[in-house]
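A quick write-up on the structure given underneath.
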There are 2 protein chains.
Amino acid sequence: MTDALDHFDLKILGALQANAALTNQDIAELIGLSASQISRRRQRLEKDGYIRRYRADLSPQALGLAVTAYVGVTLGAHSRENARKFRNMVKAMPEVQEAHTMTGDVDYILKIVVPDLQALSRVINDDLLPQEAVQNVRSSIAMETLKDDNLLPLRYGQT
Amino acid sequence: MTDALDHFDLKILGALQANAALTNQDIAELIGLSASQISRRRQRLEKDGYIRRYRADLSPQALGLAVTAYVGVTLGAHSRENARKFRNMVKAMPEVQEAHTMTGDVDYILKIVVPDLQALSRVINDDLLPQEAVQNVRSSIAMETLKDDNLLPLRYGQT
DNA sequence: GTTCATGCGCAAGTTGTGTGCAAACGACGG
DNA sequence: CCGTCGTTTGCACACAACTTGCGCATGAAC
């Protein structure tokens, strides 16, 4: 009934993740289908959860957000309660773009975007370090960004 | 003449980066302006580079991409030529979502998304390590993703 | 060979977008 | 205090895009 992506679906997903401003007509011409089919397939792809949402990709530079940093956080005593507080804190921080719990010697990696180094310092010293759970914080700053497209590779295991 | 974002512009940017499927009419009602104004402002925001592009945000899980990893790469002899090759290689690898040159003891951080650990291993052993420039590779795998919205914080230094 | 399910394009109805226009507003100078 | 000018707004309309019903083609099951 549903599921299982064919060749057309993958092309639609690929086109939309690179440029969601494309009209159905554009995509139709691109992959050799009619606009109405694109519309129907797109609805299905949204309903089945392949497309999570549509986003405008803003320019950090234009908005004065010059500093991107990765911050590794190590928790001390892994008390349930303190860890929970830490996670909620992180979710509520607008400067944090991504947060993952990691394997290896660091418990969390945070991707942080701020206007300048002073703001980064403020985030680390005022928000992160005062947390009871936090034992250690190591930050590394992105000097140059080679690639930042966040495009998922779509060629795996399909038609 | 141009530049300088007012309160309305920030609200529009905020709404669109969270959900680009909103119509001008939706945003108009949200922030108390007419749809035509949203249209005009949006055009300006695009022209002035605040909005880079529109993207469909796909679900890695739905697409069978279960493994996200951060890979730290250290280059050996920093020969200009080998470094250049390394950067081009990275740009061409579809599994690499982000790549930054970093301050600190690691030269590059790569965000990599693949279907499984085997695929990660393949990327590291077949693509990364054989590079002449590469001296050392350390990878850390995301066990749980707390946050992954990539929403820029918009409240800095404006009206 | 018939039936059924699926996917297709076309065309029509609906919804959304963008521009001309006139009015409102604010800044500035007389 | 008032007029002028530039900017921003809402409205209305023309245009563009989206979506859905429909009939047809294709291919699998029996």
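No experiment lies behind these values; they were computed from the predicted model shown. Chain identifiers are assigned alphabetically (A, B, ...) following the order of the sequence lines, protein sequences preceding nucleic acid strands; residue numbering begins at 1 within each chain.
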Note to self: Measuring to OP1 and OP2 of C:dT19, would you say a side-chain N or O of B:Gln43 lies under 4.0 angstrom away?
What the structure shows: yes
Under 4.5 Å between any side-chain heavy atoms of [X] and [Y], yes or no?
X        : Y       : result
B:Arg52  : A:Pro60 : yes
A:Asp9   : A:Arg44 : yes
A:Leu45  : B:Leu58 : no
B:Ile31  : B:Ile38 : yes
B:Leu151 : A:Arg55 : yes
A:Tyr54  : A:Leu16 : yes

Review item, nucleotides 20-28 of chain C N/O atoms under 3.5 Å of protein N/O:
unit_1, atom_1, unit_2, atom_2, d
C:dG20, O6, B:Arg40, NH2, 3.3

What pairs of donor and acceptor atoms, side-chain ones from residues 68-76 of chain A against any protein atom, are under 3.5 angstrom apart with sequence neighbours left out?
unit_1, atom_1, unit_2, atom_2, d
A:Tyr70, OH, B:Glu98, OE1, 2.7
A:Tyr70, OH, B:His100, NE2, 3.3

Take the protein atom [atom1] of [X] and the nucleotide atom [atom2] of [N], then report the distance between them rounded to whole Å.
X       : N      : atom1 : atom2 : answer
A:Arg44 : D:dT19 : CZ    : P     : 15 Å
A:Leu16 : D:dC18 : CG    : P     : 10 Å
A:Leu33 : C:dC10 : CG    : P     : 11 Å
B:Asp9  : D:dT7  : CG    : C1'   : 14 Å
B:Asp6  : D:dT7  : CG    : P     : 15 Å
A:Lys47 : D:dT19 : NZ    : P     : 15 Å
B:Glu29 : D:dG10 : CD    : P     : 13 Å
B:Ile31 : D:dT8  : CD1   : P     : 15 Å

Identify the pairs formed between an N or O of the protein and an N or O of nucleotides 14-17 of chain C at a distance under 3.5 Å, and give each distance.
unit_1, atom_1, unit_2, atom_2, d
C:dT17, OP2, B:Asn24, N, 3.0

Check: End-to-end bend of the helix from C:dG1-D:dC30 to C:dG30-D:dC1 (five-pair axes, 10° rounding)?
Finding: 20°
Check: Got more than 12 heavy atoms from elsewhere within 6.0 Å of CD, B:Gln118?
Finding: no
Check: What residues, two or more places apart in sequence or in another chain, satisfy ring pair (Phe, Tyr, Trp, His ring centres under 6.0 Å) together with A:Tyr108?
Finding: A:Phe86
Next item on the list: Give every residue pair that meets the side chain to side chain donor-acceptor pair (under 3.5 Å) criterion with at least one member in residues 12-23 of chain B, sequence neighbours excluded.
Entry: B:Thr23-B:Asp26
Next item on the list: Flag the pair A:Lys111 and B:Asp148 as a salt bridge only when some basic side-chain nitrogen lies within less than 4.0 angstrom of an acidic carboxylate oxygen.
Entry: no
